[in-house]
**Student:** 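Encoded as structure tokens, here's the structure I'll be asking about.
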Amino acid sequence: MKKTIQILIILVTLSLLPNVALAHNYPTKVGEKLGNGIANAVTGVVEIPKTMIITGRRHGATYGMTAGFFTGLFHTVGRSVTGALDIATFLIPTTPIVKPNYIWDNFDRETTYTAWQMR
């Protein structure tokens with residue numbers, strides 16, 4: 001009986017080791033997600049001129065001013081809402097939905113959206 005309890009204690013201890021090893025990164029991941037969420041919620045409106053510039057370079061100025069504006073409006077809502085979701089769920093360390101992570105990262109790349117994944 002005593003040996004069974006010792007084996008059980010050893011197994012429980014060993015099963016908890018990976019969680020303890022990964023726990024030291026948790027505050028960093030949570031802080032990064034909160035910062036990313038705040039930045040995206042605040043700077044979402046910059047998607048309009050960014051998308052107008054990108055679309056204008058690809059298809060011409062007129063198309064960029066019209067279709068780029070409406071696409072940028074869509075991306076503004078998308079970036080702001082995903083930023084708000086990141087703020088609301090910052091305690092769950094997931095990867096950002098919006099790519100690029102910040103509006104100023106790779107400014108010449110159009111915004112895309114991915115699924116949430118655990119970090």
**Student:** Is there side-chain contact between Glu110 and His75, with heavy atoms separated by less than 4.5 Å?
**Tutor:** yes

**Student:** Can you tell if the side chain of Arg109 reaches within under 4.5 Å of the side chain of Thr112, non-hydrogen atoms only?
**Tutor:** yes

**Student:** Quick check: do Trp104 and Val46 have side-chain heavy atoms less than 4.5 Å from each other?
**Tutor:** no

**Student:** For Gly44 and Arg79, work out which heavy atoms get closest and say how close.
**Tutor:** CA-CD, 4.0 Å

**Student:** Who clusters with Ile48? Use side-chain heavy atoms, under 4.5 angstrom, across I, L, V, M, F, W and Y, and order the result by chain and number.
**Tutor:** Met52, Met65, Phe69, Phe70, Leu73

**Student:** Once you round to the nearest 0.5 Å, how far does OG1 of Thr82 lie from CG of Asn36?
**Tutor:** 8.0 Å

**Student:** Looking at every non-hydrogen atom in both residues, tell me the closest pair between Ala41 and Ser80 and how far apart they are.
**Tutor:** O-OG, 3.8 Å

**Student:** Take atom OH of Tyr63 as the centre, draw a 6.0 Å sphere, and report whether it contains more than 12 heavy atoms from other residues, nucleotides or ligands.
**Tutor:** no

**Student:** Can you tell if the side chain of Ile92 reaches within under 4.5 Å of the side chain of Trp116, non-hydrogen atoms only?
**Tutor:** no

**Student:** Consider only side-chain heavy atoms of I, L, V, M, F, W and Y, link residues closer than 4.5 Å, and tell whether Phe74 and Ile97 are in one cluster.
**Tutor:** yes

**Student:** Do Val45 and Phe107 land in one hydrophobic cluster if side-chain heavy atoms of ILVMFWY residues count as linked below 4.5 Å?
**Tutor:** yes

**Student:** For Asn101 versus Pro96, what's the shortest heavy-atom pair and its separation?
**Tutor:** OD1-CG, 3.6 Å

**Student:** Could I get the full list of side-chain hydrogen bond (donor to acceptor under 3.5 Å, both in side chains) partners for Tyr102, not counting sequence neighbours?
**Tutor:** none

**Student:** Just checking, any donor-acceptor pair under 3.5 angstrom between side chains of Glu47 and Thr111?
**Tutor:** yes

**Student:** Less than 4.5 Å apart, any side-chain heavy atom of Ile103 and any of Lys50?
**Tutor:** yes

**Student:** Can you list every salt bridge (Lys or Arg N to Asp or Glu O under 4.0 Å) pair that touches residues 80-108, not counting sequence neighbours?
**Tutor:** Arg57-Asp108

**Student:** Would you say that Leu91 contacts Lys33 through its side chain, given a criterion of any heavy-atom pair below 4.5 Å between the two side chains?
**Tutor:** no

**Student:** Restricting to non-hydrogen atoms, name the atom on Tyr113 and the atom on Gly78 that form the minimum distance, rounded to 0.1 Å.
**Tutor:** OH-CA, 3.7 Å

